[in-house]
Every structure is written in structure tokens, then in C-alpha cells.
Amino acid sequence: MIAARILIVEDDRIVARDIQHQLSRMGHVVVGMSASGEEAVRRAGSHQPDLVLMDIRLEGEMDGIEAARRIRDAQRIPVVFLTAYANDEVVQRASLTEPFGYLLKPFEEPQMRTVIQMALYKHASDAKLRMSERRYAATLASIRDGVILCDPQGRVDFMNRVAETMTGWTAAEAAGQPLASVFVAVDEETHEPLEDFSAVVLRSGAFAPPERLSRLLPRGGAAPAGIVVEERCSAIIDDRGELVGSILVFSDLTQRRQIAEALRKAQADLAHIGRLTMMGELAAAVAHEVNQPLMAIITNAGTCLQHLSQPHPDLAKTRVVVERIVRDAQRAGDVVRSIHALARRTPADPGWVDMSALIADTLALVRAELRRARIMVETDLQAGSPWVHGDRVQLQQLVLNLVMNAVEAMADPDLPERRLRIVTASEDGWIRVRVEDSGTGIADADVDAIFRALYTTKPDGLGMGLSISRSIVELHGGRLTATPGTPCGSVFDFVLPVSSGGV
């Protein structure tokens, strides 16, 4: 049994004394007795009892129902009514004060014991529930995402502060409104209105997408205003498995995209510095290594000229000097080829690579760039194709170079469409990868020239990307070619050898 501190409010002193004795036998403590509603309110505030036994009819102007209302509003102390009058009107008025029980006079001690225990238990449960609700509300209020709770009909029940800021609605204004009126979402690119995500989830259940991107319009605003958000919505299911509502969580992608854009620019700057560094290292290596054979060639050429300027030149000696020139020239060529091979970099970490999966991963890396350029991507990647033995990083750089080359080729704002298509297929011990774009295309005269180092048709290009790409393909025993597309654009094809002894 739960022992409690109880305040008795009863204008019949004999009845009050009898109740006091019964409570003492039950193990409860009576903290005070009052005969009027006004005194009951004061004593409840000063003594803070665990429970109030309140007679409905009291001395003075304030009856027990009004006293119970004030006690509930001020201290949230549970009240059990004592009354000999239980007509509908009295019960209805008393019910508005949310009492924790009724005792009809005259009552027996077991009856009072049961009602008191139930009231104390219910009050403790209500207190736990209120604490849980406060923690729940504080948690939702503190997270950085917007949160909106809806009832089964899609009307707003709750909004946290972030949701208020992002939608322009206060929680009080939005309460009871359809979600579609508060959270106005349109397609990010076409600005076409979207069905509210809560309705999609409630209708489609497990088949609904886990998330979507949309543009959230400000209150009273119109496209293209608003912010791009990521929406996530889940249905709320009760203990009986019935749908009781939904929860929509959404986050502003503006800052995330700014960070991604800054990262992309930093990566591009780093790649640019890397290319310049590679060129500088290559130039320094050539200057250092080729200098000695070139000096030997110059010296021997001077000696040869001296021999030939004699009235009777010694052809045997001249032949020896010329042979030295040829030897030093061959040496210089060997040095250049050696440095060229070093610049191409042999596979540093060879292994088995699934080209279809690698292409999918590479497209995921540049998804933001493709979206920003409004390029439609089509893929036909062969599943279960043979794997390639090579350096995954270099092969990914190869695909990345070709994709970015296609993006740059479709930069013209007057293009009727921007389409990138990538296809993989295996044939006779080779895997073929085709990268097609609908850009400005390449001239027939440039088909071979574009693979030369430092050759470029772009105002800001360095002419290294396609050269490096061909070097990577050739390093792996394959071939890379380019042809003009039909009716426009360009097509890059590369083939790599595969082996049945792979994965």
C-alpha cells in the first residue's frame, strides 16, 4: 500500500473526524482539515499534500468543485470528491476539474482504501507521463532538424522550433492544419508541387521511399524561392499495430551543399596543383638527366666539325666521334623514356577490380557536379562481368577524367539537352567501357591530338587529363579511342584485358 499525506476538506466535523480515524488506520497521515473551499486552497498551497479528499458542498462562497479546480491549476495535486449528491449536473461540473475519483456518502473503509490507492497510483503514472512528454518535447526542440508530428488524417499535432523557423508557421498557428498547408514542398528542379511526404508514407507504407529531396517554400512564398531540404518521414504505429500518425523530419541542405561545393573546389585546386607539380617535376628530371648526354653530344659534334675542317680529314677518327654522338643521342632517348615511364606511374597497388561497380562508385562521387550541371545520366553496366587486374585508384581516375571531360563538353547553356551515357560490356577476353556525351563534340582533326599532353581545345584547359587517361589505359594493356558522336557530342571507348583467373 502507498502511504500518503492527505488533506481533508469536509464541512461536517463529525464526518471529517471519522475520515481522519479511518485514514490513520490505513497508515496515511492527515496534514490538515478544512471546512471551506477558500481555506482548502490555502492549506493545499502551504502543506503540499499528496492527495485531497474534497467534499463538493462546503461552507462559504467557494464550493468543492471550484476549490478543486484552483488546487489542480496551481499545484496539480490529485483530488478525490466526497459527495452525497451524484446527479448528472454535479458530476459533469466535477469532471471538468479532472478528479482522480469519487466517494459517495456514506462509504465504507475498504471502498475509501481502494479509491485512495487508485488515485495515488494514477497520479504517479500521470506524473511519469508528463515527465516523459517534457523530455520528449525538450529532445525534439534541441535537435537541429525540423520535426513535425501529424495525426492519422495528416493534420499537424506538433512542431519544434526549427520547423517553425523553416516553415514560417508557429506551432500554435499550425496546430490542426493540414501538413500540405504548413509544409509546402515543390520539386527541386522543376518547381512542380509535390504531395506531402506524410500522405505518401501513410498511403504506401513500407513501399514509400525512405527520403526525398525537395524545395520548401516559405510561408506565402512561391518558387523559385525557398530552401532545398532533405525529407524523412515515418509512420507511427501503436501497440495494436494501428496507424496513429506520422513524423516528418527535414533538414536544410544549404550549408551542406556549400561545404560540398567548397570541398569540390578544394579538390579541383589540389588536382590542378598536382598536375602543375607533376609537370614541374618532369621538367626538372628531364633537365637534370638529359643534360649530361646533351653536353656530350655538343662536345663530340664540335670535335667532328674540327676534323672535317682539316684539309685532309681523318675519316676514321671522325667516324668514331659520330658513333659517340649516336650513342649519346640513344642514351638521351633512354633517359627520356625512363622518365616518361616514371611519370605514367606503374600500378602501385594492383588487384582485381569490378569495373561496373567502380563506375557506379565514381558517378556517386560526382553526383553533385552532375546535378549542378543539370546532366541526365544513363548507365547500362553489365552485372557479373569479368574483373580487371590493375590499380583501382588509377582506373577510377581514368573514369573520373572521362566523366569530367564530358561535363565540361556540355557546359554550353544553349545545348538542347545534356546527357551522359556509360555502357560496359565484355567481349573475347576484354571489357569495353563507352562514355558518350551530348556536348559540343570533337572535330575529326582533333580525334588523335586531344590525347597529346598539353594539347587542349578549352580556354582554361591544361591538356593533361586525356593524356593521363590514355597513359593509364595503356599501362593496363588496353586502348583508349575517341570518335565524334551521332548526331552530336563525343564518344570515348576504352578496352582492358580481363582474365578468367580473377575473382
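Owing to the predicted nature of the structure, the values given are computational and were not obtained by experimental measurement.
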Can you name the closest pair of heavy atoms from [X] and [Y] and give their distance?
X: Leu308; Y: Pro313; value: CA-CB, 4.1 Å
X: Pro497; Y: Gly477; value: CD-O, 3.5 Å
X: Ser234; Y: Val201; value: C-CG1, 4.1 Å
X: Gly390; Y: Val353; value: O-CG2, 3.9 Å

Notebook entry, point to check: Does Arg257 CZ have over 12 foreign heavy atoms under 6.0 Å away?
Noted result: yes

Notebook entry, point to check: Can Glu427 and Arg432 be counted as an ion pair, charged N to O under 4.0 angstrom?
Noted result: yes

Next item on the list: Report the C-alpha separation of Arg419 and Val377 in whole Å, then their side-chain angles, then the decisive distance to 0.1 Å, and conclude whether the side-chain contact (heavy atoms from CB on, under 4.5 Å) test is met.
Entry: CA-CA 6 Å; Arg419 179 177 52 84; Val377 179; over 6 Å; no

Which residues pass the side chain to side chain donor-acceptor pair (under 3.5 Å) test with [X], sequence neighbours left out?
X: Asp157; value: none
X: Ser426; value: Gln382
X: Thr190; value: Asp187
X: Arg232; value: Asp145, Glu230

Any side-chain heavy atom of [X] within less than 4.5 Å of one from [Y]?
X: Val423; Y: Leu381; result: no
X: Leu243; Y: Ile236; result: no
X: Met166; Y: Pro218; result: no
X: Val403; Y: Val399; result: yes
X: Asp126; Y: Phe100; result: yes
X: Arg479; Y: Arg470; result: no

Drop me the distance from [X]'s [atom1] to [Y]'s [atom2], to the nearest 0.5 angstrom.
X: Leu179; Y: Ser246; atom1: CG; atom2: OG; value: 7.0 Å
X: Asp252; Y: Arg144; atom1: CG; atom2: CZ; value: 12.5 Å
X: Ile422; Y: Met355; atom1: CD1; atom2: CE; value: 10.0 Å
X: Arg434; Y: Asp493; atom1: CZ; atom2: CG; value: 4.0 Å
X: Met376; Y: Leu370; atom1: CE; atom2: CG; value: 12.0 Å
X: Leu194; Y: Leu216; atom1: CG; atom2: CG; value: 11.0 Å

Any donor-acceptor pair under 3.5 Å linking the side chain of [X] with the backbone of [Y]?
X: Glu173; Y: Thr170; value: yes
X: Asn160; Y: Val147; value: yes
X: Arg418; Y: Asp412; value: yes
X: Ser181; Y: Gln177; value: no
X: Ser438; Y: Glu417; value: yes

Next item on the list: Return the set of residues passing salt bridge (Lys or Arg N to Asp or Glu O under 4.0 Å) with Arg72 (not counting sequence neighbours), or none when no residue passes.
Entry: none

Checklist line | Arg421 and Thr379: CA distance, side-chain angles, deciding distance, side-chain contact (heavy atoms from CB on, under 4.5 Å) verdict | finding: CA-CA 6 Å; Arg421 177 174 170 80; Thr379 59; over 6 Å; no

Margin query: Working note: Met159 + Val182, criterion side-chain contact (heavy atoms from CB on, under 4.5 Å); need CA distance, chi angles, decisive distance, verdict.
Written below: CA-CA 10 Å; Met159 293 175 64; Val182 177; 4.1 Å; yes

Item checked: Cation-pi geometry met for Arg212 and Phe197 (6.0 Å, 45°) -> yes

Note to self: Side chains of Asp437 and Ser490: any donor to acceptor distance under 3.5 Å?
What the structure shows: yes

Note to self: Between Ser214 and Glu231, do the side chains contain a donor N or O and an acceptor N or O under 3.5 Å apart?
What the structure shows: yes

Next item on the list: Using the side chain to side chain donor-acceptor pair (under 3.5 Å) rule, pick out the option among Lys265, Arg264, Gln258 that qualifies with Glu261.
Entry: Arg264

Check: Does the pair Val320 and Val322 meet the rule for a side-chain contact (heavy atoms from CB on, under 4.5 Å), with working shown?
Finding: CA-CA 5 Å; Val320 172; Val322 171; over 6 Å; no

Margin query: For Arg155, give me all partners under side chain to side chain contact (heavy atoms under 4.5 Å, CB included), at least two apart in sequence or on another chain.
Written below: Asp151, Gln153

